[in-house]
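Shown next, in structure tokens, is the structure this report addresses.
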Amino acid sequence: MDPRDEQGKIWMNGEFVDWPDAKIHVMSHAVHYGTSVFEGMRCYKTPNGPSIFRLADHIRRLFDSAKIYRMPIPYTQEEIVEACKQTIKVNGFESAYVRPIALRGYHSLGVDPSKCPVDVAIGALNWGAYLGEEAINVGVDVCVSSWNRMAPNTMPSLAKAGSNYMNSQLIKMEAINGNYTEGIGLDVHGHISEGSGENIFIVRDGIIYTPTVGSGILPGITRDSVFKIAEEFGIKYIETSIPREMLYIADEAFFSGTAAEITPIRSVDGIPVGAGKRGPITEKIQKRYFEYVNGKREDIYGWHDYIK
Ligand code: PMP
């Protein structure tokens with residue numbers, strides 16, 4: 001994915017503009033202080049046409065993020081839902097990655113953002129498997145980062161705010177420099193938190209473990225889908241504090257995320273996880289997740305929002 005390749009239209013403050021014209025001023029508050037909240041969603045090609053997966057849940061989280069930062073979005077959730085669907089339609093996508101963002105725009109440069117206007121934009125682009133096509137089947141090699149995720153009284157992790165991704169970037173760059181695909185951040189207590197852009201799950205003795213929302217994670221929508229799918233299979237899942245070394249003695253581990261979907265983890269810090277390849281529970285959950293997102297399974301949870 002390279003936005004420079006992209007053409008077509010971006011929804012910006014209520015109207016569609018050409019991709020090159022979707023601009024903000026360099027003195028906008030967001031540019032200097034990271035004052036933005038955003039979402040990442042996937043639109044999948046299904047037998048009933050394109051559908052943005054769990055669109056309403058993502059837009060709810062966008063508004064939650066904005067509320068945490070006292071950022072009034074000058075549209076209703078329903079209007080943004082509709083605008084996302086229109087963005088897919090206007091650009092003629094069958095499948096896409098969809099990125100709505102609300103940011104504090106151009107007014108004054110003091111730290112207090114309250115006088116700066118809230119600009120809202122929605123872009124959509126082609127984006128393949130985030131951690132690599134092969135990774136979906138064979139898994140990724142990851143490391144535990146020397147960077148922690150944010151302590152709970154520093155940056156609110158339940159908000160998907162642009163500024164949180166400075167921390168993510170440190171984790172990701174360190175991982176890539178060490179020849180790993182992704183890094184795992186620990187929380188303020190040294191327990192497992194999440195990847196730079198994914199939630200993490202560990203399987204041991206047939207039980208799934210994942211960190212709680214108190215461990216500095218973003219409460220992933222895909223994480224929630226994993227819970228539902230685990231329930232369908234009668235697989236127990238536990239949200240709890242997880243010490244780092246659980247990664248080394250796990251039978252299986254995987255990431256979840258809109259971009260990463262369900263990606264197996266085959267090694268951590270050079271230590272193979274289980275058999276060093278995608279495990280059977282990961283495979284089961286991954287397969288069903290893909291059936292749901294691709295519209296190959298009855299949508300019993302109302303996860304699909306079709307573009308008419
Ligand atoms: N944690 C972080 C830091 C993320 O950036 C993401 C991706 N949005 C996730 C978790 C997974 O969230 P979701 O499943 O809603 O995409």
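In this chain, numbering begins with 1 at the start of the sequence shown.
For K296 and F290, the positive end is not near the middle of the six-membered ring at less than 6.0 Å and at most 45° from its axis. Taking the ring axis of F254 as reference, the NZ or CZ atom of R278 does not stay both within 45° of it and closer than 6.0 Å to the ring centre.
Between F53 and H304, the ring-plane angle classifies as perpendicular under the 30° and 60° cut-offs. Between Y292 and Y301, the ring planes lie tilted relative to each other; the angle falls in the 30° to 60° range.
Among all heavy-atom pairs drawn from R104 and R70, the shortest one is NH2-O, 2.9 Å. Scanning all heavy atoms of the two residues, the minimum distance from A102 to V118 falls at CB-CG1, 4.2 Å. Minimum heavy-atom separation, D141 to S267: OD1-OG, 2.7 Å. Pairing each heavy atom of L131 with each of T181, the nearest pair is CD2-CG2, 4.0 Å.
A donor-acceptor pair is defined here as one N or O able to donate and one able to accept, closer than 3.5 Å; no such pair exists between the side chain of N148 and the backbone of G190. A distance-only check finds a donor-acceptor pair linking the side chain of S193 to the backbone of S215 [under 3.5 Å]. With H189 contributing its side chain and H191 its backbone, the two residues share no donor-acceptor pair below 3.5 Å. Between the side chain of E79 and the backbone N or O of T76, at least one donor-acceptor pair lies under 3.5 Å. A distance-only check finds no donor-acceptor pair linking the side chain of D187 to the backbone of I192 [under 3.5 Å]. With hydrogens and angles disregarded, no donor-acceptor distance shorter than 3.5 Å links the side chain of S108 to the backbone of G110. Between the side chain of N91 and the backbone N or O of T87, at least one donor-acceptor pair lies under 3.5 Å. The backbone N or O of I262 lies less than 3.5 Å from a partner atom in the side chain of Q286, making a donor-acceptor pair.
F16 and I80 fall within a single hydrophobic cluster, where Ile, Leu, Val, Met, Phe, Trp and Tyr side chains are chained together by heavy-atom contacts under 4.5 Å.
For W303 and Y44, the ring centers are positioned 6.0 Å apart or more. Taking the ring centroids of F38 and Y165, they lie under the 6.0 Å cut-off.
Under 4.0 Å is where a charged nitrogen must lie from a carboxylate oxygen, and between D305 and R54 no such pair does. Ion pair R61/D57 not flagged as a salt bridge, since none of the NZ, NE, NH1 or NH2 atoms sits closer than 4.0 Å to an Asp/Glu carboxylate oxygen. Taking a cutoff of 4.0 Å between a charged side-chain nitrogen and a carboxylate oxygen, R244 and D269 qualify as a salt bridge.
In K287, the NZ atom is not crowded: 12 or fewer heavy atoms of neighbouring residues, nucleotides or ligands sit closer than 6.0 Å.
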Output a table of donor-acceptor pairs, distance under 3.5 Å, between side-chain atoms of residues 94-101 and any protein atom two or more places apart or on a different chain; print 'none' if there are none.
residue, atom, partner, partner atom, Å
Y97, OH, R99, NH2, 2.8
R99, NE, E39, O, 3.0

